[in-house]
K.L.:
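Sharing a structure here in structure tokens format.
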Amino acid sequence: MLDKAYDPKAVEDRIYKMWEESGAFKPESCQKGNGTFTISMPPPNATGQLHLGHAVMLALEDIFIRFARMQGKEALWVPGTDHAAIATENVVIKLLKDGGMKDPRKELGREKLIAKIAEFVEGSKNTIRSQVRKMGSSCDWSRERYTFEPSLNRLVNEVFKKMYDDGLIYRGHRIVNWDPKLQTTVSDDEVEYKEEKSPFYTFKYGPFEIGTSRPETKFGDKYVVMHPDDKRYSKYKHGDTFEAEWINGPVHATVIKDMSVDPAFGTGVMTITPWHDHIDFEIAERHGLEKEQVIDFDGKLLPMAGEFAGMKIDDARPLIVEKLKAKGLVVKSDENYVHNKAVSQRGGGTLEPQIKLQWFIDVNKEKVSWKGQSMSLKQIMHDVVHHGDITIIPDRFDKTYFHWIDNLRDWCISRQIWWGHRVPVWYKDGETYCAVNPPEGAGWQQDSDTLDTWFSSGLWTWSSLIDAKLTENPNLSLQELLAQSPDFQKFHPTSVMETGYDILFFWVARMILMTTYATGQIPFKTVYLHGLIRTREGKKMSKSHPETMIDPLDIITKYGADALRLSMIVGQSPGADSRLYEEKIAGYRNFINKLWNASRFVLMQCEAAGRDPHSISPSDNTPRSLADQALQIELITLSNNVISGLETYRLSDVGEKLYSFVWDFFCDWYLELSKGEVNISFLVNSLREILVLLHPYCPFITEELWKEIKHENASMLIAFPFPSFVVLAEGKGPNLRSQFQILIDVITALRKLRTDQNVEPSKEISVVIVTKKYSALLESQESHIRRMGKVGSLMISTDSQKLENVASAFLSDIEVHLSLEGLVDKEKEKASLTKERDQLTKFVAGIEGKLSNEQFVSKAPAKLIDEQKAKLAETVEKLKKIEERLKGL
RNA sequence: GGGCAAUUAGCUCAGCUGGUUAGAGCGCCACAUUGACAUUGUGGAGGUCACAAGUUCGAAUCUUGUAUUGCCCACCA
């Protein structure tokens, strides 16, 4: 017999091992003929730890994939890990520094450092692998991939080369986001803005006054820019020059007129620093102005800053202001000025715009063939979502996505770190050579930069499906690699990409860009975006505040993976943040335990009846009692709801329905009633179906219970077929269900009377039920009424009775009278009936109002009117009885 | 500055295309306890659905506006 309480620790690892060893995670084990279903797992960092973001992703994807698998699809979920370029390199460098090294990059050099990182990554991959398993993820480990493995490097090079040849990748001096701390560029999407208070100065600059919050960039400024229509400055013409006394002496300045200047801001005049500001750079480009570097790549001032050369900008700033003040050039300063400081999302260092020779992807060049047209990468990204090739859930993110595309600038893909796919370009004597493989011949120097990690991640849905063996053959083209990889042919495009909305731009958009371009296929048909998991207070969980963090692994240890999964899924709608806290998880742990005990009860019934559940045939499933029939109807309804809900990605809904079915219907009513009258084979088969329906949500406990209760020939639950949608005939089914509801209502009414009258729970009561319409029904259910209501004597009559010493309740067409030998607490009964009378009176008035409204009667659908009339008649009848009773009290 | 979302019971949230006597879980109150389950059972209290106007026979649900909160994007030198 099962233990009294479910202990996930004793079950989960064992079950997971059983699944994995059986090969159940492989599509080859699935039934054939119902199509394929593929998910690419967003690869966690190879050196990472499982956090709630992963946990929710894994739970959702596991539900999708288990459902598809049970529906008989060839379901493939490809796991993998990410080399997470910048993040990983930082982690290892920090470790080396902690170990006593001063500057690991310098001391080790490129090759040795990469080897160190690789070693570290291999050593720590197992952590995340086993953590992914802990969640119950049914992914195919035999197909596990890594974004930095050789086969993927080959594909990265193939795609780079293709883009290079198509002129979509170019190298050029552009303004980029430079992180002086990490010594690399980062992409526009990796820039975060933090509010910072720093003084805003107004300086005298020749005949003008200019404002700035960054005096340290101003050394080389020699252009003043104003709006061409600004009347105040109409006497100055574009191109006019003048002398101005400046920080380190006089400068020769030029007037530039440009539309981008806002005349309403400050004095309407500004000087520009094209080397260190995106907007200024664009102005300079428009007018062909000179650009000069002021700050070096370590964040220090260059020799052109004169006496300030070599100083860090933060140190130099106040000194520069002092000097200008001494020269009488400071007009005013606003100490409370708040501006947005650009910081690196990666390391948190202050970003400095710099002009640098970098590699870029041109997103505007209309040279890519798509759907028979020549389009830009931007246009393709737009097109596939706009025309519904790809559906984003929730759809409001379409707008966000389009807006991002509209503002997308060329993507800087080169990084100055070492850990990553290296730019496949070589140089010799001013010659440039781009190729998948290194050039033959001596003297070629490979580009020292590596690629943005999202470049390789962008290929993930398909690069992870390419046969790794094939990539060892250097003679195959990209097209041939695609064409000859069976997995790619069979499983791509993938079915659904499930990930956090915070990564829509970084990754989802880039997969669309890279994949449509490289393969001619969309990467996925549906994008399902989940929200952030927040604390109980709605705050972001953050590493810097460890007390706010919930560690999924702790939770699994304490409450089990099934409970964790449910607590994250139920109550979360796509694209919206949700809150998680321990009581919530405990609630689902309780639910899991309830399911355990319900099953335990069923098994006890089997034992008591001398039946081995394993030998109960699935076809031995005939309902006998009203309760059986109601359960059958309810199960079909539930199963239909689960199917349609999962097919439309309404996971929270489905989870709630499963929960309330199991607890509120199956346990509270069906099982309780079955204590009086048990239909073993039907009960066992019903429980089996419940386990099937619950399996995608809570795979561990259902598989464990399945073992106890399944038919001997049945497969493991993970591989068991899901029911199909059943169209319920009208009439009979719903009718039986509502008859069952009447039984429930009568019992509930009895219980309420008991409580109102303070009858001891253990005491048997005498009951008289008066009903014309339902006497046959209730007579047939008499034993249930007796047992569930603890009724001693029960009389069911079709004629109204003269009764003394009773407390009464009134349902539609049914009077329930509780006889009390002693005193009836009339006040309690009066209060209860009065309350109900008032409610019903209001209700009746409402309906009467509607029905006497000509507009309603003429315009509302006939069906609704009939319903309302029926309800009215029923309620009026009930109300009459209650009022009579109240008079007698 | 632009955009998106949220606002329903003490708390966390459902309520899909307008018709429900507005629901759930937790919490709360009362009662129960050897027979699946205290990780429980039974009964109960608790909401003028942020506010205002409109559309409609009918609005938590649709429209507009207001307020509050949150997020994303832009980055005014």
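Here is the naming used below: chain letters follow the sequence lines, and residue numbers restart at 1 for every chain.
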K.L.:
What interatomic distance, in whole Å, is found between P of rU61(B) and the corresponding atom of rC29(B)?
P.N.:
35 Å
K.L.:
Are the side chain of Arg754(A) and the backbone of Lys763(A) linked by a donor-acceptor contact shorter than 3.5 Å?
P.N.:
yes
K.L.:
Phe666(A) ring centre to Lys594(A) NZ or CZ under 6.0 Å, with the angle to the axis within 45°?
P.N.:
no
K.L.:
For RNA chain B, which ranges pair as stems of 3 or more consecutive Watson-Crick or G-U pairs, with both donor-acceptor distances under 3.5 Å?
P.N.:
B:1-7 with B:67-73, B:10-13 with B:23-26, B:28-32 with B:40-44, B:50-54 with B:62-66
K.L.:
Is Glu282(A) salt-bridged to Arg409(A), cutoff N-O under 4.0 Å?
P.N.:
yes
K.L.:
With the threshold set at 4.0 Å, does a side-chain nitrogen-carboxylate oxygen contact exist between Glu352(A) and Arg214(A)?
P.N.:
yes
K.L.:
Scan side-chain atoms only and decide if Ser738(A) and Gln741(A) contain a donor-acceptor pair under the 3.5 Å cut-off.
P.N.:
no
K.L.:
State, yes or no, whether a side-chain contact exists between Leu705(A) and Ile709(A) at a heavy-atom distance under 4.5 Å.
P.N.:
no
K.L.:
Between rC37(B) and Asn593(A), counting only base atoms on the nucleotide and side-chain atoms on the residue, is there a donor-acceptor pair under 3.5 Å?
P.N.:
no
K.L.:
How far does the C1' atom of rA74(B) sit from the matching atom of rG65(B), given to the nearest Å?
P.N.:
26 Å
K.L.:
If we ignore hydrogens and angles and just use 3.5 Å, is the side chain of Asn593(A) paired with the main-chain N or O of Arg589(A) as donor and acceptor?
P.N.:
no
K.L.:
Please give the distance between the C1' atoms of rG47(B) and rA24(B) as a whole number of Å.
P.N.:
14 Å
K.L.:
Closest-nucleotide mapping onto RNA chain B: is Ala5(A) or Lys399(A) further toward the 5' terminus? I mean the 5' end.
P.N.:
Lys399(A)
K.L.:
Distance between the P atoms of rU48(B) and rG2(B), in whole angstroms?
P.N.:
36 Å
K.L.:
With the sugar-phosphate defined as primed atoms, P, OP1 and OP2, and the base as all remaining atoms, what B/S/- string results for nucleotides 14-21 of chain B, 5' to 3', for protein heavy atoms under 4.0 Å?
P.N.:
S----BSB
K.L.:
Rounding to the closest angstrom, what is the interatomic distance between rU34(B) and rC11(B) at atom P?
P.N.:
38 Å
K.L.:
If the C1' atom of rU21(B) is compared with that of rC62(B), how far apart are they to the nearest Å?
P.N.:
24 Å
K.L.:
Pick the P atom in rC26(B) and in rU64(B), then give their distance to the nearest Å.
P.N.:
39 Å
K.L.:
Hey, is the main chain of Lys828(A) close enough, under 3.5 Å, to the side chain of Ser832(A) for a donor-acceptor pair?
P.N.:
no
K.L.:
Quick one, Lys871(A) with Glu874(A), criterion salt bridge (Lys or Arg N to Asp or Glu O under 4.0 Å). Give me CA distance, side-chain angles, the key distance, then yes/no.
P.N.:
CA-CA 5 Å; Lys871(A) 244 183 203 174; Glu874(A) 204 175 81; over 6 Å; no
K.L.:
I'd like to know if Lys4(A) reaches the base of rA36(B) with its side chain such that a donor and an acceptor end up less than 3.5 angstrom apart.
P.N.:
no
K.L.:
Would you mind classifying the nucleic acid contact of Val570(A) as base, sugar-phosphate or nothing, using non-hydrogen atoms under 4.0 angstrom?
P.N.:
nothing
K.L.:
If the C1' atom of rA6(B) is compared with that of rU12(B), how far apart are they to the nearest Å?
P.N.:
14 Å
K.L.:
Checking contacts here: which listed nucleotide (rA32(B), rU12(B), rG41(B)) is nearest the side-chain heavy atoms of Arg579(A)?
P.N.:
rU12(B)
